[in-house]
Engineer: 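Before I ask anything, here is the structure I am working with.
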Protein chains: 2
Amino acid sequence: MAPADLGTASSDTRTTVNSTAVLDAAMTLFAQRGYHGTALSQVAEALGIRTPSLYNHMRSKQELLQRIVSDTTEGVLEDFRLAVEGVADPVERLRRATRVYALRHATHRREALIVNRDTTSLDEPARSEQQELRRRHEHALRGIITEGVAAGTLNVDSPALASFAIREMCVSIARWFREDGPFTAEQVADQYSGFALQIAGAR
Amino acid sequence: MAPADLGTASSDTRTTVNSTAVLDAAMTLFAQRGYHGTALSQVAEALGIRTPSLYNHMRSKQELLQRIVSDTTEGVLEDFRLAVEGVADPVERLRRATRVYALRHATHRREALIVNRDTTSLDEPARSEQQELRRRHEHALRGIITEGVAAGTLNVDSPALASFAIREMCVSIARWFREDGPFTAEQVADQYSGFALQIAGAR
DNA sequence: TGTGCTAACAAACGGTACTTAGCATACCGT
DNA sequence: ACGGTATGCTAAGTACCGTTTGTTAGCACA
């Protein structure tokens with residue numbers, strides 16, 4: 001048997017598509033034109049195969065969207081957990097939570113664009129499940145602000161309003177960030193976490 | 001002749017639709033499901049007529065989108081102009097410009113959602129024209145921040161980054177604001193213009 | 001009364017979308 | 001060498017979409 005064969009099929013004479021490639025191509029096109037604005041024929045064309053052949057690597061167009069969205073949301077919640085765990089100070093928790101959130105939207109632009117544009121195109125029950133997960137992130141961020149206000153180290157009229165502003169500001173990084181632009185993703189993330197602290201009235 | 005007949009045809013026995021009603025129904029549905037996600041049959045159904053009858057009041061589905069987008073963008077630029085004219089202080093200019101921008105996104109939610117989601121679905125040359133107009137607003141806002149930094153009353157590392165953050169924060173008000181929620185549009189606009197000043201490092 | 005306009009309708013067209021079925025071919029382990 | 005699996009293809013099915021056409025009913029006005 002082959003001693004160290006990786007899972008990805010990369011034959012000698014024939015280039016072949018795998019399910020990762022399909023997801024990747026779909027992600028690029030969904031991000032550009034939206035879910036309903038993208039035809040599977042375009043995904044197939046990007047991969048150099050005919051449309052029906054896509055079905056060797058996926059179950060349906062809707063499944064592609066569900067995978068993209070749910071993978072992303074899980075990543076966001078995991079980022080959040082890792083960023084704040086073991087940190088007690090609300091100001092530092094807010095800084096770290098917004099930093100990873102901003103960073104993700106700069107480094108995973110396509111996913112972010114799709115999630116924020118096409119979550120409404122998910123079939124039920126996936127749509128409701130997604131909304132619930134996103135609400136969880138929203139509440140967690142708001143909770144940090146509320147703690148900080150209680151502790152006197154943050155100062156806002158409404159934690160809800162501030163957390164909306166912070167989240168959405170980060171989300172839309174995906175709309176303008178370019179990898180070849182003047183800022184690295186880390187620089188943007190640092191700047192934006194600073195903005196977040198200012199919005200939240202950190203002393 | 002009827003002494004004071006208004007333009008809107010409202011017959012006695014027959015309910016009739018006008019082009020304003022078509023635009024309004026389309027706006028609601030485009031905002032909910034997106035341009036490509038909305039079928040004209042759904043617009044017709046919302047109006048209580050059959051699909052082909054829509055063509056008595058519009059030229060095409062694309063024309064509906066173009067009207068919505070261009071009306072909105074013109075409104076945004078006009079708001080901006082009126083808000084800052086005659087005001088010299090960059091801090092106050094920034095406050096007023098972001099206030100009207102935020103206010104518009106709270107009071108014209110549907111239009112804002114469509115513009116920010118479906119501008120890419122415009123046919124050329126409308127799409128390029130729109131991008132140009134939006135760039136104009138972006139540059140104008142950035143210019144205010146640059147002035148403020150030069151005058152020493154604002155303080156940011158990058159006016160471009162700050163102006164992106166401020167704009168997009170305001171834009172997304174349309175995503176969560178509810179008329180029957182805990183805040184009025186004016187309250188949100190005031191809060192958000194405060195956030196903008198904090199992002200821009202106003203003293 | 002009659003004429004023209006507006007706006008509704010039914011029917012149909014051409015196009016395209018997603019998906020399934022059936023089949024051919026290459027690779028792989030045995 | 002051989003059978004199974006994976007992957008591609010063509011053809012076709014089913015549904016729906018945006019749009020055009022031709023027609024009809026009511027209203028305004030002469």
Engineer: Sub-3.5 Å donor-acceptor pair from the side chain of Glu124(B) to the main-chain atoms of Ser128(B), do we have one?
Structural biologist: yes
Engineer: Would you mind reading off the distance between Ile49(A) atom CD1 and dT25(C) atom P, rounded to a whole angstrom?
Structural biologist: 19 Å
Engineer: With a 4.0 Å cut-off on heavy atoms, is Ser60(A) in touch with a base, just the backbone sugar-phosphate, or nothing at all?
Structural biologist: sugar-phosphate
Engineer: I'd like to know if Arg135(A) and Glu132(A) make a salt bridge, using a cut-off of under 4.0 Å between side-chain N and carboxylate O.
Structural biologist: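 Looking at Glu132(A) together with Arg135(A), the answer is yes, because their closest N to O distance falls below 4.0 Å.
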Engineer: The side chain of Pro52(A) lies closest to which of these nucleotides: dT19(C), dC17(D), dT19(D)?
Structural biologist: dT19(C)
Engineer: Check the distance between dT19(C)'s P and Leu40(A)'s CG and give it to me in whole angstrom.
Structural biologist: 6 Å
Engineer: Picking from Glu111(B), Arg134(B), Glu168(B), Arg175(B), what satisfies side-chain hydrogen bond (donor to acceptor under 3.5 Å, both in side chains) with Asn116(B)?
Structural biologist: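 Among Glu111(B), Arg134(B), Glu168(B), Arg175(B), the one meeting side-chain hydrogen bond (donor to acceptor under 3.5 Å, both in side chains) with Asn116(B) is Arg134(B).
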Engineer: Tell me which nucleotide among dT19(D), dA11(D), dC18(C) gets nearest to the side chain of Tyr55(A).
Structural biologist: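 Among dT19(D), dA11(D), dC18(C), the one nearest the side chain of Tyr55(A) is dC18(C).
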Engineer: From C-beta outward on Arg50(B), which listed nucleotide comes closest to its side chain: dT19(C), dA8(C), dA10(C)?
Structural biologist: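 Out of dT19(C), dA8(C), dA10(C), the nucleotide with an atom closest to Arg50(B)'s side chain is dA10(C).
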Engineer: Please pick, from dC18(C), dA11(D), dG18(D), the nucleotide with the shortest atom-to-atom distance to any side-chain atom of Ala39(B).
Structural biologist: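 The answer is dG18(D).
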Engineer: I need the CD-C1' distance between Gln42(B) and dG18(D), as an integer number of Å.
Structural biologist: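 The answer, rounded to whole Å, is 13 Å.
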Engineer: For the side chain of His57(B), counting heavy atoms from C-beta on, which of dA7(C), dA11(D), dC9(C) is nearest?
Structural biologist: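 Side chain of His57(B) sits closest to dA7(C).
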Engineer: Roughly, in whole Å, what's the span from CG in Leu47(B) to C1' in dC9(C)?
Structural biologist: 15 Å
Engineer: Which part of the nucleic acid, if any, lies within reach of Ser19(A) when heavy atoms closer than 4.0 Å are counted: base, sugar-phosphate only, or nothing?
Structural biologist: nothing
Engineer: In whole Å, I'd like the distance from the OH atom of Tyr35(B) to the C1' atom of dC17(D).
Structural biologist: 11 Å
Engineer: Tell me the interatomic distance from Lys61(A), atom NZ, to dT14(D), atom P, rounded to whole angstroms.
Structural biologist: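 In whole Å, dT14(D) P and Lys61(A) NZ are 21 Å from each other.
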Engineer: Set out, in order, the CA-CA distance, both residues' side-chain angles and the distance that settles ring-ring contact (aromatic ring centres under 6.0 Å, His included) for Tyr192(A) and His105(A), then state yes or no.
Structural biologist: CA-CA 11 Å; Tyr192(A) 267 61; His105(A) 285 82; over 10 Å; no
Engineer: Do the side chain of Asn56(B) and the base of dA8(C) come within less than 3.5 angstrom through a donor-acceptor pair of N or O atoms?
Structural biologist: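 Side chain to base: pair present.
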Engineer: Okay, side chain of Arg109(A), backbone of Ala174(A): is any donor-acceptor separation there less than 3.5 Å?
Structural biologist: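 The answer is yes, because a donor-acceptor pair under 3.5 Å joins these two groups.
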Engineer: Counting only side-chain nitrogens and oxygens, does Ser53(A) get under 4.0 Å of the OP1 or OP2 atom of dT7(D)?
Structural biologist: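 Ser53(A) to dT7(D) OP1/OP2: no side-chain N or O under 4.0 Å.
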Engineer: In whole angstrom, what separates Leu54(B)'s CG from dC17(D)'s P?
Structural biologist: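 So the CG-P distance, Leu54(B) to dC17(D), works out to 13 Å.
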Engineer: Using whole Å, report how far CG of Leu64(A) lies from P of dC18(C).
Structural biologist: 11 Å
